[in-house]
Amino acid sequence: MNKWEKLLSDKRDNQTNQQNQQNQQNQQNQLRSNFQRDFDRLIFTYSFRRLNDKTQVHTLPDSDYVRTRLTHSLEVSSVGRSLGVQVFRDCLADKNFISSADFSSIVAAACLAHDIGNPPFGHDGEAAIREWIKSPNCKLFAGIHNQNQRNDFLNFDGNAQGLRIITNLEKHNGNDGLSLTYATLATFVKYPSGSKYMSQNDINKRPGKYKKFGIFDSELAKYQQIAEHLGLKKLNDKNDVWQRHPLVYLVEAADDICYLVIDLEDAARLKIISTSIAKIFLEDLLKLDQNFVNLNLANDYEQLDFLRSKAINFLIANAAKNFIANENSLLNGEYEKSTLFDENINLWMQQVRKFSAENIYENAKAIKTDIMAFQILEELLTLFDNACYEFLQNKKQNKNDKISRKKYLILQVLPERFRPQENDDEYSCLQKILDFISGLTDFGAVKLYKELTAKILT
């Protein structure tokens, strides 16, 4: 079997072989392919809609113009689809087992979901959770003795939470998970490793493609099944680390293209930086494009829109070119670089990242809202953790008396599926708390904080 054909399997998660065979037989009578259905299932989920009120860069922004995680994800998906079309034209156009529309739909769907696991307040939300786990306020963590499970929380990351959402927490036809195709799921997993890998390796010595982990202990067996079916090699028997699906590089490229270019545009619109600085950065990039012709529009924002459009098109073409040139090494899991871009473009990206970190992500207003994010999440997490801890202690000690009235009421705030049950342990209880907290929007977290603590944020 052709490697591409195996990697692009439309076998669905949570379906038996008989169900998958029936599904394939029905394809000829369906208006949408399995890969197109993946995209549609994701875009109609509650988890995806909540991204509209989750921080991309600017928490609780005053302007309606600025991007949220939702608009960012839609833009990344659009760029990912374009990358898929260009790669298909030169790598798979002569194959008859998949169409350009389906190939690009896989990339577009994975891009659509790439931030679906992010907690409220963006990366500061992730950091707040990790810091809280290590604090004395988190009582459940002390009762977890499996090191892999401990690593899940110590290194909590939205990428792993995203895989949990689409394979477990979201529902389709009453079943756990969205039952997406294996090709789309593997393309979604940007960091194909378990958290065990995080404790055994110096993070500064890892290549960029393995700087984080993307699979919780609870989803490891499922990903192992996916990887084996698609022929993705396990890179180390001692660690839960697999070869990346080659299309992951297109998803990562689409994300890099969007946030690096668009963060400059958003910052200029919000007057965090001047439009002239944003234009200079984009013009510096486009000097690398021999075909670029500058229109020099009179209106600053129209000129910025024009440069942003040209920069994205140039970066798409460059990433697609390098994917096509390295097709074999990508298929075999032997591609050594972390990105698909030329070195001079990588250098430009490094300069933008450095400038953005110093001038956009940590401006005066951002710092204040970041502190607020830590305060809100730490207090909410502590409230639910203490209530769940008392529930488990009563169960372990075979106490017939009920938990305190306050703890009981706190547990009632949790939706029923996130409340502790008789068969739960510390790991499952803590995971349920993080499932609930991660699903909150920025405003939802603020609202719940006010309601449960009687504090008013100013």
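Among N148, D217, D152, the one residue that satisfies the side chain to side chain donor-acceptor pair (under 3.5 Å) test with Y427 is D152. Each of D53, D442, D115 was evaluated against R69; a single residue qualifies, D115, per the salt bridge (Lys or Arg N to Asp or Glu O under 4.0 Å) test. Residue L83 is tested with L247, I316, V251 for a side chain to side chain contact (heavy atoms under 4.5 Å, CB included); the sole match is I316. Considering L74, D263, V79 in turn, V79 is the only one that fulfils the side chain to side chain contact (heavy atoms under 4.5 Å, CB included) rule with C258.
D102 and S33 form a side-chain donor-acceptor contact under 3.5 Å, judged by distance and modelled atom types alone. In this structure, a donor-acceptor pair under 3.5 Å is absent between the side chains of S47 and T45. In summary, the side chains of N118 and Q161 do not present any donor paired with an acceptor at a separation below 3.5 Å, with no hydrogens or angles considered. Side chains of N346 and T339: a donor on one and an acceptor on the other come within 3.5 Å.
Looking at heavy atoms from C-beta onward, V261 lies out of side-chain contact with F281 at the 4.5 angstrom threshold. Side chains of F97 and W4 form a contact here, defined as non-hydrogen atoms less than 4.5 Å apart. Taking 4.5 Å as the limit, some side-chain heavy atom of Y223 sits within range of a side-chain heavy atom of P192.
In this structure, R50 satisfies the cation-pi test against Y46, with its NZ or CZ atom closer than 6.0 Å to the six-membered ring centre and inside 45 degrees of the ring normal. Because its NZ or CZ atom is both nearer than 6.0 Å to the ring centre of F39 and within 45° of the ring axis, R81 counts as a cation-pi partner of that residue. A cation-pi arrangement is absent between R12 and Y182, since the terminal nitrogen or guanidinium carbon is not both under 6.0 Å from the aromatic centre and inside a 45° cone about the axis. The side-chain tip of R130 does not point at the ring of F153 from less than 6.0 angstrom away and within 45° of straight on.
Taking the six-membered ring for Trp and thresholds of 30 and 60 degrees, F436 and F418 have ring planes inclined between 30 and 60 degrees apart. In this structure, Y335 and Y249 have perpendicular ring planes: the angle between them is above 60°, well past the 30° mark.
Under the 3.5 Å distance criterion, the side-chain polar atoms of D157 are left unmatched by any main-chain donor or acceptor of G214.
Atom CD of Q351 sits about 11.5 Å away from atom OG of S356, to the nearest 0.5 Å. Taking CD1 of I272 as the start and CG of N359 as the end, the distance is 10.0 Å to the nearest 0.5 Å. In this structure, S329 OG and N332 CG are separated by 7.5 Å, a value rounded to the nearest 0.5 Å.
Qualifying salt bridge (Lys or Arg N to Asp or Glu O under 4.0 Å) partners for K134, counting only residues two or more places apart in sequence or in other chains: none.
Using a 4.0 Å cut-off between charged nitrogen and carboxylate oxygen, K287 and E283 do not count as a salt-bridge pair. Using a 4.0 Å cut-off between charged side-chain N and carboxylate O, E252 and K190 make a salt bridge. One finds no salt bridge joining R37 and D40 here, because no Lys/Arg side-chain nitrogen approaches an Asp/Glu carboxylate oxygen to under 4.0 Å. Salt bridge present: D305 and R308 bring a charged side-chain N and a carboxylate O closer than 4.0 Å.
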